[in-house]
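Whatever order the structure lists ligands and atoms in, that order sets their numbers, starting from 1. Computed from a predicted structure; not experimentally measured.
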Amino acid sequence: MGQALGTLEELPQEYRDQLTAAGVAPLWPMMRNVLPHDAPMPITKPGFWRYDEARPLLMRAGELTPVEKAERRVLVLSDPGRGAGAMQATASIYLGLQLLLPGETAPNHVHTPSAARIVVEGEGGYTTVDGEKLPMEEGDGILTPGGEWHEHGHDGDEPVVWLDALDLPVFYYLEGSYAREGDLQSPRNRPDASQVEYLASGLAPTRKRSEAARRYPMVRYPWVRTQQALREMLRYAAHGFAELDYVNPETGADALPTIGFTAGMMAAGASVTPPMRSSSAAIHIISGRGKTTVNGETFTWGPKDTFSVPVFAEVSHQADEEAFLIKVHDRPLQEKLGYYEERD
Ligand code: GTQ
């Protein structure tokens with residue numbers, strides 16, 4: 001363990017004043033704060049956001065604030081460890097519930113952080129990314145990678161709600177977060193690549209050398225296909241639990257550079273105790289009911305609820321009904337930084 005380190009109080013006041021005046025500070029009294037023994041000391045606390053509670057507040061925002069006054073009409077899910085108003089759910093993951101009403105448009109913009117959306121309810125919403133108009137159906141995953149122009153619109157007649165997940169806290173911390181606004185896009189006269197080019201795994205379009213693939217060739221992951229794939233996998237899964245990662249269909253790499261998406265299915269009655277992980281995560285329930293205990297705190301969840309899992313948390317899930325969920329996590333970022341870890 002090593003011995004207790006010296007404190008600030010042990011140093012003569014005159015010396016401390018000189019340090020302050022010189023703009024320097026001794027490391028040793030603060031060393032364990034920044035390098036705790038064996039595991040990080042997360043500020044993040046497990047959060048639980050019930051959709052039944054959030055939905056009326058979001059609909060009220062629809063009455064109180066026109067989309068023109070909001071650009072993005074979003075209620076941010078704040079980490080309880082940082083308190084109400086915190087612009088993050090974990091150290092690296094921002095989450096927000098966004099509402100678009102029929103006929104509304106959330107204007108075109110581009111920013112350095114990457115975003116992905118999981119569609120929570122409603123029909124007729126769409127996101128246009130780089131000229132590709134992506135229908136938003138319940139459970140769909142829609143990517144708006146950093147640097148790609150995107151806007152949202154709504155052709156239907158009921159409110160549309162989706163969950164935004166962004167790596168905004170990372171970009172903000174790096175002092176790298178900013179946006180540019182632009183004119184509305186003219187969609188290309190073709191359905192999105194998930195409907196045209198990537199209909200089967202193991203198959204990708206043949207291109208001429210002159211037609212370079214986009215960096216993010218597929219930006220919509222239709223839920224119907226994800227769900228079908230999970231159902232097939234679960235038939236052969238040993239413990240009533242199946243998981244699939246969202247990847248770039250051309251490279252197999254994670255769908256976004258920093259944030260990972262994993263869809264999961266639990267059979268009714270299944271319980272799962274994953275290893276402790278260095279990554280943080282948020283889990284959004286697509287359908288089904290069950291319970292999850294995170295560091296001793298139990299969340300009883302149902303459809304459209306969301307909860308968060310801090311780094312190195314002790315977690316166990318129990319499905320009371322067949323359940324489908326999407327996990328948003330920062331494993332891709334941690335792998336790139338070279339420290340992703342699991343402990344049993
Ligand atoms: O839809 O582009 O929740 O730019 C936060 C920032 C959503 C968006 C958010 C954004 C967006």
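At the top of the distance list for atom 8 (C) of ligand 1, counting protein heavy atoms only, stands R72 NE, 2.9 Å. Atom 6 (C) of ligand 1 has L166 CD2, 3.9 Å as its closest protein atom, hydrogens excluded (heavy atom only). Atom 7 (C) of ligand 1 has as its closest protein heavy atom D164 OD2, 3.2 Å.
Side chains of R82 and Q88 form a contact here, defined as non-hydrogen atoms less than 4.5 Å apart.
Near Y94, meaning under 4.0 Å from one of its heavy atoms, ligand 1 places the atoms 3 (O), 5 (C), 9 (C). Interface of H152 with ligand 1, defined as ligand atoms under 4.0 Å from a residue heavy atom, comprises 1 (O), 2 (O), 8 (C). Short contacts between ligand 1 and V74, defined as distances under 4.0 Å to a heavy atom of the residue, involve ligand atoms 3 (O). When each atom of ligand 1 is checked for a heavy atom of H111 under 4.0 Å away, the hits are 2 (O), 4 (O), 10 (C).
Checked by atom type, the side-chain pair T112/S177 shows no donor-acceptor distance below 3.5 Å. Side-chain contact annotation: T128 with Q185, donor-acceptor N/O pair under 3.5 Å absent.
E71 does not count as a contact of ligand 1, since none of its heavy atoms falls under 4.0 Å from the ligand.
Residue-to-ligand polar distances place Q98 within reach of ligand 1: an N/O pair is separated by less than 3.5 Å.
Aromatic ring pairs are classed by plane angle as parallel below 30°, tilted from 30° to 60° and perpendicular above 60°; the pair F299 and F48 is parallel.
V110 pairs with exactly one of H150, R180, E181 by the side-chain contact (heavy atoms from CB on, under 4.5 Å) rule, that one being R180.
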>> I'd like to know whether E197 forms a salt bridge (Lys or Arg N to Asp or Glu O under 4.0 Å) with R214, so could you lay out the CA-CA distance, the side-chain angles of the two residues, the decisive distance to 0.1 Å, and finally the verdict.
In response: CA-CA 12 Å; E197 297 190 344; R214 293 156 71 193; over 6 Å; no
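Looking at R72, its side chain does come within 3.5 Å of a backbone N or O of P107 through a donor-acceptor pair.
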